Amino acid sequence: MPSFSSPPNQQNYYEEVWMIVRKIPRGKVATYGQIAKMIPPPNGVDIEAYKAFAPRWVGGAMANCPDDVPWQRVINSKGEISERQGAERQRLLLEDEGVKFDAKNKIDLKIFGWSGNDDAQPIQSKLF
DNA sequence: GGTGTGACTACAT
DNA sequence: GATGTAGCCACAC
């Protein structure tokens, strides 16, 4: 596997990515950039560099994710599945979860996009 | 130690 | 909206 990251720090970063991905509720999807923004850059990494490459690190995390991580819920910023081996299975898994694809095989992030707070469905009577 | 590359994104044209 | 380009990390060869 390519694995453009192996150091302990990066492995730890991977675990953070997986933790967030596991938090994505069924029927919702998140983008690489969205996940990247939820995770602070590792120590020693410039924020600018992180901002530019974090999405790829998330992609690397997905490439090495355990089987219990719903990697299929992680897509690119366009709301489409990044083509690769297994992309077909990814679409099937998402459809099985209730995620709908449009004519262009794209997902409407306005509907299925994950805000990052799965336990805050009621906008009322929550914190604040 | 230079070069290519990877499940990306944002901005410009 | 579809292309093209910049951004700039870590790894394999």
Side-chain angles (χ1 to χ4, degrees):
Chain A
M1 52 190 73
S3 67
F4 32 89
S5 22
S6 267
N9 286 347
Q10 219 57 47
Q11 187 65 30
N12 186 22
Y13 183 85
Y14 280 7
E15 291 182 5
E16 290 212 51
V17 174
W18 301 335
M19 180 181 65
I20 291 177
V21 173
R22 289 194 192 96
K23 211 175 158 191
I24 300 174
R26 178 178 174 277
K28 292 282 186 180
V29 296
T31 66
Y32 295 99
Q34 187 69 52
I35 293 172
K37 288 173 185 170
M38 296 176 189
I39 304 176
N43 189 14
V45 178
D46 292 338
I47 182 64
E48 295 299 328
Y50 173 78
K51 185 177 164 188
F53 264 76
R56 298 185 188 179
W57 290 355
V58 174
M62 291 299 96
N64 292 282
C65 71
D67 293 339
D68 64 324
V69 175
W71 55 270
Q72 70 273 15
R73 293 176 191 153
V74 182
I75 58 177
N76 60 28
S77 64
K78 296 171 192 168
E80 200 172 54
I81 298 173
S82 300
E83 287 199 18
R84 64 185 182 284
Q85 281 188 335
E88 200 171 337
R89 175 169 175 75
Q90 179 171 10
R91 198 194 67 176
L92 293 176
L93 287 170
L94 288 174
E95 287 180 343
D96 186 57
E97 293 183 352
V99 177
K100 299 287 170 45
F101 290 79
D102 63 8
K104 295 171 187 166
N105 275 346
K106 289 169 72 173
I107 299 172
D108 191 348
L109 293 176
K110 293 169 193 158
I111 300 174
F112 301 104
W114 181 46
S115 301
N117 47 353
D118 54 337
D119 57 333
Q121 314 106 6
I123 42 187
Q124 55 178 353
S125 75
K126 209 51 187 172
L127 11 89
F128 292 95

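Order of the sequence lines fixes the chain letters, A, B, ..., with proteins taken first and strands second; residue numbering starts at 1 for each chain. Since the structure is predicted, the reported quantities are computational estimates derived from the model, not experimental observations.
Residue A/R89 contributes atom CZ, which lies 19 Å from atom P of B/dA7 at whole-angstrom precision. Residue A/I47 contributes atom CD1, which lies 13 Å from atom P of C/dC9 at whole-angstrom precision. At whole-Å resolution of the value, CG in A/L93 and P in B/dA7 are 19 Å apart. The distance from atom CD1 of A/I39 to atom P of C/dC9 is 18 Å, rounded to the nearest whole Å.
Straight-line distance between the P atoms of C/dC11 and B/dT9: roughly 22 Å, to the nearest whole Å. The separation of C/dC8 from B/dA12, taken at their P atoms, amounts to 16 Å, rounded to a whole angstrom.
Of all heavy-atom pairs spanning A/W18 and A/A61, the tightest one is NE1-O, 2.9 Å.
Under a 4.5 Å side-chain heavy-atom criterion applied to ILVMFWY residues, the cluster that includes A/F112 comprises A/V29, A/I75, A/I81, A/L94, A/V99, A/F101, A/I107, A/L109, A/I111 as well. Hydrophobic cluster membership of A/L92, counting Ile, Leu, Val, Met, Phe, Trp and Tyr whose side-chain heavy atoms lie under 4.5 Å apart directly or via other members: none, as it forms a cluster of its own.
Scanning for side chain to side chain contact (heavy atoms under 4.5 Å, CB included) contacts around A/L93 gives A/W71, A/Q72, A/R89, with sequence neighbours left out. Taking the side chain to side chain contact (heavy atoms under 4.5 Å, CB included) definition, one finds that A/D68 meets it with A/R22, A/P66, sequence neighbours left out. Not a single side-chain hydrogen bond (donor to acceptor under 3.5 Å, both in side chains) links A/Q34 to another residue, sequence neighbours left out.
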Got a list of protein N/O to nucleotides 8-12 of chain B N/O distances below 3.5 Å?
unit_1 : atom_1 : unit_2 : atom_2 : d
B/dC8  : N3     : A/R56  : NE     : 3.2
B/dC8  : N3     : A/R56  : NH2    : 2.6
B/dC8  : N4     : A/R56  : NH2    : 2.4
B/dT9  : OP1    : A/S77  : N      : 2.8
B/dT9  : OP2    : A/S77  : N      : 2.9
B/dT9  : OP2    : A/S77  : OG     : 3.4

